[in-house]
Amino acid sequence: MSMKRRLARVINQSLHQAQVSGSLNLTERPTVQIEVPKITEHGDFATNVAMILASRVRRPPRQVAEIIIQHLDAPAGMLDRVEIAGPGFINFFIHDPYWYQVLKDIQAEGEAYGRSDCGQGLRVQVEFVSANPTGPLHIGHGRGAAVGDALANILAACGYQVEREYYINDLGTQMRTLGLSLYLRLRQLQGQKVDFPDTCYQGDYVIDLARQYQANHGPVAAGEPTEAALQAWGEYAGAAILAEIRQDLDDFGVHFDHWFSEAQLFQNGSLERALAFLQDQGYLYEAEGALWFKATAWGDEKDRVVRRRNGATTYFASDVAYHWNKIKRGFDQVVDIWGADHHGYVPRLKAAVQALGTDKQFLKVILVQLVSLLRQGQPIAMTTRGGTFVTLREVMDEVGKDAARFIFLSRRSDAHLDFDLDLAKQQSTENPVYYVQYAHARLASVFRLAREREIDLQGLGEANLNRLDLPEEIALIKLLASYPDVVEAAAQSLEPHRITYFLTDLAAQFHSYYYKHRFISESEELTQARLFLVQGIKTVLAQGLQLLGVEAPESM
RNA sequence: GCGCCUGUAGCUCAGCUGGACAGAGCACCGGACUUCUAAUCCGUAGGUCGCAGGUUCGAAUCCUGCCAGGCGCGCCA
């Protein structure tokens, strides 16, 4: 349990005691908020609970604080002192030696340090990437992949049952268009002059596919292709592209539990059943020859068509059926990760899941903003239509999986991201991924030397930890202590970038400490104590990097 | 026209779901390797938190209105 959670427990008990003894007349207990003050003079932790309570019990905040302090019953040795400050903050100073407990926790828990059960086994599905199989993954998909995968890792670390899913849009006009694109490229390969319209997929990968197709199946017949033939070419190309996508994601370290096919929704009739369900509930109506969903009933700005005048269902109808399927699979929570250009789609889908009988909170949508690719500080123009986009594969090849993932996770999802290819390749100060990895590699190196010197690493827990009395040592231990809270906060807010920032901070404090002090020294006692501390740092660095899907190298 | 996101140091961005004098990294300038990896470290400087109101004991954070940039607004997917 983190120090913060321990303290929260103590404060809650105090409130309970004050309530029982009649010192505070409370009908209900507030949730205790504990924060780490920016200024060390304000203690290790502070709570504003007295100020929150003041108005409810109609007493001055400082007086309420006084009562809470009187009822505190902390474990022996935990609290150095407690102060009332400012308008009514209660500041807690943890006794320095009590922090050492954290290092023992890390040793005992190892890789599991930072994990918790706050998710209580709730089933969460994270659906991400879900790129249409009409072209290779580009850099924007890469960001979605990094965010989704890290988020899934973080949720799993917090005790959620997590499933990763990729939704394949393998139906509709786009697959036909893909088939047509392939067909036209085949004709061109065979030396015929045919127009290649703007509406077709322009990328060179279609030409590559055409070559492969021709090699395997020979030339195509001349003349107007049938609809069935176009569909078949579309399926052929789609399957080939999807295989590429899977390979790219695999190499990017992203592995899905399920690949969900949109076509399946048609084949097994669940799309029609979903519409029938909404119909029964009275949420559909006919107008202008089409079938509409009453999205406005849940706050969307207009109602949405689910079946067109020509009888074909819309993409939205598929998504309704897909999310009905998610509901029926029994997830407690569903997280969809989309490109921010789809944000206008959120209200209608939120409306749909409510119409399907769930709470608004059931579906959470994370919008990932666009990535601007830079080279030497200059933006690279990218258009999917024109086929001049930079693929995830190219980025991986050029800067490596680790640098790419780390950079994708170095911003809030809803903020635009500038991705400078040259910077990402640079093995220097400016590149944050190496900064963190280097800290880990340095530590690995320290332990290699320790083993060479035959220092007993098994018994580090028995070291005299009182030797860790430097301010930077205490500060490092406090930072390690906050790690479980950071992971939990990242899970709760669905913000993986918090881990990135934590790791950068930890690496910075470590590098500074490393430069100033030697860990392996003449004093056996001091060596043991310091190695125990830095072993904790190494464990947490490795664990945090693992959540991000970035390697923790033993040497660099 | 309507909606969503963004606006914090010269640049790129954090800011712990409302807390107590606004943080970091680059860049600039000046320093540190015979000792566990210099892909590192140390130091100086730099801000009307877009603007104006409001709520609150307390606002970068919440509300309203403006301004600027990005993205959407199809019986496309």
Side-chain angles (χ1 to χ4, degrees), chain A residues 4 33-39 41-42 46 48 51 54-55 61 85-89 91 132 134 169 171-175 177 262 287-292 301-302 304-316 318-319 339-347 367 369-370 372 377 410-418 420 423 426-435 437-439 441-450 452-453 482 485-486 489-490 492-493 495 497-498 500-502 504-505 507-508 510-521 527 530-531 534 555-556:
Chain A
K4 195 181 197 173
Q33 287 177 34
I34 298 175
E35 55 160 28
V36 179
K38 290 176 197 150
I39 309 162
E41 285 72 42
H42 292 151
N48 61 355
M51 289 183 282
S55 59
F89 290 103
N91 296 339
N132 298 343
T134 54
N169 298 125
L171 266 185
T173 56
Q174 56 178 357
M175 297 314 287
T177 304
E262 183 187 3
E288 300 164 46
L291 191 61
W292 298 73
E301 49 184 52
K302 51 178 99 164
R304 305 294 175 176
V305 171
V306 289
R307 195 193 305 282
R308 287 179 262 170
R309 196 180 314 188
N310 67 10
T313 52
T314 58
Y315 175 82
F316 173 60
S318 291
D319 242 346
D341 51 344
H342 289 76
H343 65 82
Y345 204 74
V346 177
L367 297 171
Q369 283 289 348
L370 298 175
S372 309
S410 66
R411 297 277 180 275
R412 275 191 357 254
S413 297
D414 54 9
H416 291 263
L417 172 65
D418 285 339
D420 192 314
L423 192 73
Q426 244 172 60
Q427 306 194 344
S428 76
T429 309
E430 299 171 49
N431 197 335
V433 65
Y434 293 114
Y435 188 80
Q437 287 185 315
Y438 184 56
R442 265 186 157 176
L443 280 166
S445 172
V446 168
F447 283 101
R448 275 195 295 275
L449 182 76
E452 255 174 54
R453 301 260 176 96
S482 73
D485 299 324
V486 172
Q492 247 163 22
S493 58
E495 292 178 344
H497 76 277
R498 293 182 188 223
T500 315
Y501 278 91
F502 173 85
T504 306
D505 196 13
F510 164 73
H511 283 309
S512 175
Y513 177 50
Y514 177 93
Y515 192 82
K516 282 189 211 155
H517 308 286
R518 294 191 60 76
F519 308 151
I520 298 170
S521 62
T527 299
R530 285 185 171 168
L531 284 179
V534 298
S555 68
M556 287 173 72

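Every value quoted in this text rests on a predicted model; they were computed, and no experiment measured them. We name chains A, B, ... by the order of the sequence lines, and we start the count at 1 in each one.
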Side chain to side chain donor-acceptor pair (under 3.5 Å) assessment of A/Glu262 paired with A/Ser318
CA-CA 7 Å; A/Glu262 183 187 3; A/Ser318 291; 2.7 Å; yes

Tell which nucleotide pairs with B/rU48, taking only Watson-Crick or G-U wobble pairs whose two distances are both under 3.5 angstrom.
none

What's the spacing between A/Lys302 NZ and A/Trp292 CH2 if we round to 0.5 Å?
8.5 Å

B/rG58 and B/rC4, which share atom name P, separated by this distance in whole Å:
29 Å

Which nucleotide in B/rA20, B/rU40, B/rC36 has an atom nearest any side-chain atom of A/Tyr514:
B/rC36

When the P atoms of B/rU12 and B/rG70 are compared, how many Å lie between them, rounded to an integer?
15 Å

What's A/His342 touching, base or sugar-phosphate or nothing? Going by heavy atoms closer than 4.0 Å.
base

Given B/rU6, is OP1 or OP2 found less than 4.0 Å from the side-chain N or O atoms of A/His343?
no

Rounded distance [0.5 Å steps], OH in A/Tyr501 versus CD in A/Glu495
11.5 Å

Looking at A/Arg442, I'd like to know whether one of its side-chain N or O atoms comes within less than 4.0 Å of OP1 or OP2 on B/rA38.
yes

Applying a 4.0 Å non-hydrogen cut-off, can you work out what A/Ala46 is touching in the nucleic acid: base, sugar-phosphate, or nothing?
base

Which nucleotide, B/rC36, B/rA20, B/rC16, lies nearest any side-chain atom of A/His42?
B/rA20

Syn or anti for B/rC67, taking syn as within 90° of 0?
anti

When rounded to the nearest Å, what value does the distance between C1' atoms of B/rG46 and B/rC29 take?
12 Å

Please confirm whether the shortest side-chain N or O distance from A/Thr314 to OP1 or OP2 of B/rA77 is below 4.0 Å.
no

Compare side-chain N and O positions of A/Lys38 against OP1 and OP2 of B/rA20 and report whether any pair is under 4.0 Å apart.
yes

Report which part of the nucleic acid A/Tyr501 touches: base, sugar-phosphate, or nothing (heavy-atom distance under 4.0 Å, all strands).
sugar-phosphate

Using atom P in both nucleotides, what's the gap between B/rA45 and B/rC5 to the nearest angstrom?
39 Å

Contact class for A/Ser493 (heavy atom, under 4.0 Å): base, sugar-phosphate, or nothing?
base

With heavy atoms under 4.0 Å as the rule, sort A/Val36 into base, sugar-phosphate or nothing.
base

State which of B/rA32, B/rC71, B/rA77 makes the closest approach to the side chain of A/Tyr515.
B/rA32

For A/Arg412 and A/His497, indicate whether the former's side chain and the latter's backbone hold a donor-acceptor pair under 3.5 Å.
no

With both distances under 3.5 angstrom, what nucleotide forms a Watson-Crick or G-U wobble pair with B/rU56?
none

Considering only B/rA77, B/rC5, B/rC16, which nucleotide approaches the side chain of A/Asn132 most closely?
B/rA77

Considering only the C1' atoms, how many Å lie between B/rU44 and B/rG31, rounded to the nearest integer?
11 Å

Pick the P atom in B/rA24 and in B/rA14, then give their distance to the nearest Å.
16 Å

Who pairs with B/rC41 - Watson-Crick or G-U, where each distance is under 3.5 Å:
B/rG31

Are any non-hydrogen side-chain atoms of A/Phe510 and A/Ser512 less than 4.5 angstrom apart?
no

How many angstroms lie between OG1 in A/Thr134 and CE in A/Met175, if you round to the nearest 0.5 Å?
7.5 Å

Taking B/rC36, B/rA39, B/rG19 as options, the one with an atom nearest any side-chain atom of A/Asn48 is B/rG19

Looking across every strand, which nucleic acid part, if any, lies under 4.0 Å from A/Ala85 by heavy atom: base, sugar-phosphate, or nothing?
base

Any-strand Watson-Crick or G-U partner of B/rC76, both distances under 3.5 Å
none

Pairwise side-chain contact, A/Leu367 with A/Asp414, heavy-atom cut-off 4.5 Å (strictly under):
no

Could you tell me whether the side-chain ring of A/Phe89 sits stacked on the base of B/rG19, using a centroid cut-off under 5.5 Å and a plane angle under 30°?
no

Residue A/Tyr434, side-chain atoms from C-beta onward, closest of B/rA39, B/rA77, B/rG70
B/rA39

Base, sugar-phosphate or nothing for A/Ser555? Non-hydrogen atoms, less than 4.0 Å.
base

Are A/Phe519 and A/Tyr513 near enough that their ring centres are under 6.0 Å apart?
yes

Using a 90° cut-off around 0 for syn, call B/rU12 syn or anti.
anti

Of the nucleotides B/rC75, B/rG70, B/rC36, which one has an atom closest to the side chain of A/Phe519?
B/rC36

Give a yes/no answer on whether the side chain of A/Arg308 brings an N or O atom under 4.0 Å of OP1 or OP2 in B/rC76.
yes

Please work out if A/Ile39 contacts a base, only the sugar-phosphate, or nothing of the nucleic acid, heavy-atom cut-off 4.0 Å.
base

Supply the atom-to-atom distance A/Leu531 CG to A/Leu443 CG, rounded to the nearest 0.5 angstrom.
9.5 Å

I'd like the P distance from B/rG18 over to B/rA60, given in whole Å.
13 Å

Does any nucleotide pair with B/rC21 by Watson-Crick or G-U wobble geometry, both distances under 3.5 Å, and what is it?
none

Base, sugar-phosphate alone, or nothing: which one does A/Gln33 contact when heavy atoms must sit under 4.0 Å apart?
nothing

Quick one: label A/Leu449 by what it contacts on the DNA or RNA (base, sugar-phosphate, nothing), any heavy atom closer than 4.0 Å.
sugar-phosphate

Mind checking A/Ala290 for me? I need base, sugar-phosphate or nothing, with any heavy atom below 4.0 Å counting as a touch.
base

Could you tell me which nucleotide pairs with B/rA68 by Watson-Crick or G-U wobble geometry, both distances under 3.5 Å, or answer none if nothing does?
B/rU6

Among B/rC2, B/rA77, B/rU40, the one nearest any side-chain atom of A/Asn169 is B/rA77

Approximate separation, where rounding is to 0.5 Å, of A/Thr313 OG1 and A/Asp319 CG
11.5 Å

Report yes if at least one side-chain N or O of A/Tyr345 is closer than 4.0 Å to OP1 or OP2 of B/rC71; otherwise report no.
no

Taking B/rU8 as the reference, what is the distance to B/rC62 when you measure between their P atoms (whole Å, please)?
16 Å

So if I take every side-chain heavy atom of A/Val446 and compare against B/rC41, B/rG19, B/rC36, which nucleotide ends up nearest?
B/rC36

Relative to the 5' end of RNA chain B, which residue comes earlier, A/Asp418 or A/Ala441, by the nucleotide with the nearest heavy atom?
A/Asp418

If you only use heavy atoms from C-beta on, which nucleotide in B/rC13, B/rC36, B/rC5 is closest to the side chain of A/Arg411?
B/rC13

Between A/Asp414 and A/Asn91, who's closer to the 5' end of RNA chain B by nearest nucleotide?
A/Asp414

So, does A/Arg412 get its side chain near the phosphate of B/rU6, meaning an N or O under 4.0 Å from OP1 or OP2?
yes

How would you label the contact of A/Arg498 with the nucleic acid (heavy atoms, under 4.0 Å): base, sugar-phosphate, or nothing?
sugar-phosphate

